[in-house]
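Beneath this line is the structure, given in structure tokens, with notes to follow.
Here, residue 1 is the first one in the sequence, and each next residue gets the next number.
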Amino acid sequence: MDLKRAHPQEPWLWRAEWAAGEIHSSARPIAIAVCALALFWNAIALPSAVPILLAHNLRYEPKFAGLAIFPIIGFGLIAWALHLLLRWNAYGDSRFEMKSVPGKIGGTLEGSIHVGRGFEPMRPVNLKLVCVNDISTGNSNTATPLWSDESQVTASGDGSIPVSFLIPPECKPSDNTNFRDRIFWRLYAQSPGGVVSYKASFEVPVFQIDETTAQAVEAVDLRARRNQRVNEFRPHGSAIRFGLRTDGQTEIHFRAFRNPSITLGLLAFLALWLAITYLIFKQHAPLIFRIMWPVFDAILVVWVISLMFVTTTVLIGDGQLQVTRRLLGLPVSTRRVPSGEVLDVRSIAGMTAGTTVYRRIQVRYRHGEELNFGDGIKDPIEADWLATKMAETLGLTPAAAAKKTVA
């Protein structure tokens, strides 16, 4: 409370570790908590379930087979606890030392991660920065990622991990004023190798602030480096094809089933949902459930079919941009926009899965109208590259785009 009184307009100084610019990620408390949970669960589940399972022949009394889930969960908790203890023993605790406090909306988040022990120089590390909207309603809690970006770096000569992310101006700042509707930013670091992989996460402060001259220079430098990565990108093995057709038109083709892990996961969820629907009707559940559950079934079925069988083809040429969606090769919808009316092409946040926010392409035209397509692009660099190549094909240089917007 004293920190809030001292800095009423600077919420990033309300937490001591944020104010100090050193944010800690401790693996030990989590490992101890999981160990305690494993001991508690097994102390109850094993003495209760195992004697019953041993006393009954499950071939003749299959109704007792369901009890096996309790010791299985118990063994799983033990394995998880041992894994966390091995990780803490291998790497200790980590801290993220920020270059400047806080991270800036429309600017950068920079610093370095220092691992407690056992981290070799030049070791590859995957970094991810995520903005999350955490909403609590009654007994439920939903954490929805709003934006994310990833980068692959290598540890420095002293074993520290360099961190540098460019944060778009449209992102939301950290906000803990309403505990039922929070916005928080989390930095994840992961590196495979050794007996166990390295993992750490840090809740970082990101706010809308006036940047210093030094921060502005850093943002310009980081933006230039990102633009270079976009310009040098080459789509090897991509599920998206960009090329020139024999008739002179440029074609961008988004094939079906571009994200197998998401599609198969949703398919498994749909199977579970359909099983619940079957039980609802078999057990004659209340009418509201028999009405609403099939509606959700239909939404999930359409989503799965879209991910598995729908392709999107974009054609640029003959003075227009054409977007056609096909289901199993049959046209479902077609949109056409005259090339001269396109204001800009950009990549924006699309669907989410876990802590990852996938990208899609957005075309703005006429008086602010929008056309979105190609959802499910995991690599932000590839998404920006596609948007840049489309803009170049349409003749949208930065100067031309600015002129159209003003007009």
Side-chain angles (χ1 to χ4, degrees), residues 1-4 11-46 70 72-98 101-103 109 111-120 123 125-136 139-145 148 155 159-161 163 174-176 179-180 182-206 354-355:
M1 186 62 68
D2 291 338
L3 290 173
K4 287 187 178 182
W12 56 90
L13 299 179
W14 295 355
R15 290 170 56 168
E17 63 174 3
W18 283 6
E22 288 193 1
I23 304 167
H24 293 264
S25 176
S26 179
R28 185 180 180 184
I30 298 176
I32 292 175
V34 175
C35 285
L37 176 62
L39 290 173
F40 175 76
W41 181 277
N42 285 286
I44 295 176
L46 295 183
F70 294 101
I72 290 174
I73 292 175
F75 294 140
L77 288 172
I78 292 174
W80 184 22
L82 290 174
H83 182 78
L84 293 176
L85 286 172
L86 286 172
R87 176 177 295 152
W88 177 77
N89 182 66
Y91 302 108
D93 297 330
S94 300
R95 62 184 174 87
F96 174 47
E97 185 176 321
M98 300 184 67
V101 180
L109 175 78
S112 56
I113 297 173
H114 301 272
V115 184
R117 56 179 174 266
F119 207 82
E120 308 87 357
R123 181 170 171 175
V125 182
N126 298 317
L127 298 174
K128 178 187 285 188
L129 181 63
V130 187
C131 175
V132 180
N133 185 197
D134 185 69
I135 298 177
S136 298
N139 296 324
S140 65
N141 183 271
T142 304
T144 303
S148 71
S160 63
I161 304 168
V163 175
S174 302
D175 186 358
N176 289 318
F179 73 95
R180 292 187 178 277
R182 299 173 55 236
I183 300 290
F184 66 88
W185 288 74
R186 193 170 294 277
L187 171 66
Y188 296 91
Q190 181 176 359
S191 177
V195 178
V196 289
S197 61
Y198 169 75
K199 286 185 179 181
S201 67
F202 312 84
E203 186 176 343
V204 295
V206 176
T355 59

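- Separating the CH2 atom in Trp80 from the CD1 atom in Ile30 is a distance of 8.5 Å, to the nearest 0.5 Å.
- For the residue pair Gly193 and Tyr91, the shortest heavy atom distance occurs at O-OH, 3.4 Å.
- Here the side chains of Asp93 and Trp88 are in contact, with some heavy-atom distance below 4.5 Å.
- Counting all heavy atoms, side chain and backbone alike, Val196 lies closest to Arg87 at CG2-CA, 3.5 Å.
- Residues Leu109 and Met98 form a side-chain contact, since some pair of their non-hydrogen atoms from C-beta on lies under 4.5 Å apart.
- The CZ atom of Phe184 lies 9.0 Å from the CG atom of Asn133; values are rounded to the nearest 0.5 Å.
- Under the 4.5 Å side-chain criterion, counting only non-hydrogen atoms from C-beta, Cys35 is in contact with Leu85.
- Between Phe119 and Tyr198, the ring-plane angle classifies as perpendicular under the 30° and 60° cut-offs.
- For Lys199, the NZ atom is loosely surrounded, since the number of other residues' heavy atoms within 6.0 Å does not exceed 12.
- Pairing each heavy atom of Ser191 with each of Arg123, the nearest pair is OG-NE, 2.9 Å.
- For the atom pair His114 NE2 and Ile161 CD1, the distance stands at 9.5 Å (nearest 0.5 Å).
- Within the 3.5 Å criterion, the main-chain N or O of Val101 finds no donor-acceptor partner in the side chain of Trp18.
- The distance from atom CG of Asn42 to atom CD1 of Ile78, rounded to the nearest 0.5 Å, is 4.0 Å.
- The two atoms that bring Phe179 and Ser136 nearest to each other are O-OG, 4.3 Å, heavy atoms only.
- To the nearest 0.5 Å, atom CG of residue Leu127 and atom CD of residue Gln190 are 10.5 Å apart.
- Judged by distance alone, the side chain of Arg117 and the main-chain N or O of Asn89 form a donor-acceptor pair under 3.5 Å.
- Taking the side chain to side chain donor-acceptor pair (under 3.5 Å) definition, one finds that Asn126 meets it with nothing, sequence neighbours left out.
- Heavy atoms only, all atoms of each residue included: Arg186 and Ser201 are closest at NH1-OG, 3.8 Å.
- Atoms CD1 and OG1, on Ile183 and Thr144 in that order, are 9.5 Å from each other to the nearest 0.5 Å.
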Query raised in the report: Passes side chain to side chain contact (heavy atoms under 4.5 Å, CB included), Ile113 versus Phe202? Steps please.
Result: CA-CA 10 Å; Ile113 297 173; Phe202 312 84; 3.8 Å; yes
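- Considering all non-hydrogen atoms of both residues, Pro102 and Pro205 come closest at CB-O, 3.5 Å.
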Requested in this report: Please assess Leu187 against Ile23 for the test side chain to side chain contact (heavy atoms under 4.5 Å, CB included), listing each intermediate value before the final yes or no.
Outcome: CA-CA 10 Å; Leu187 171 66; Ile23 304 167; over 6 Å; no
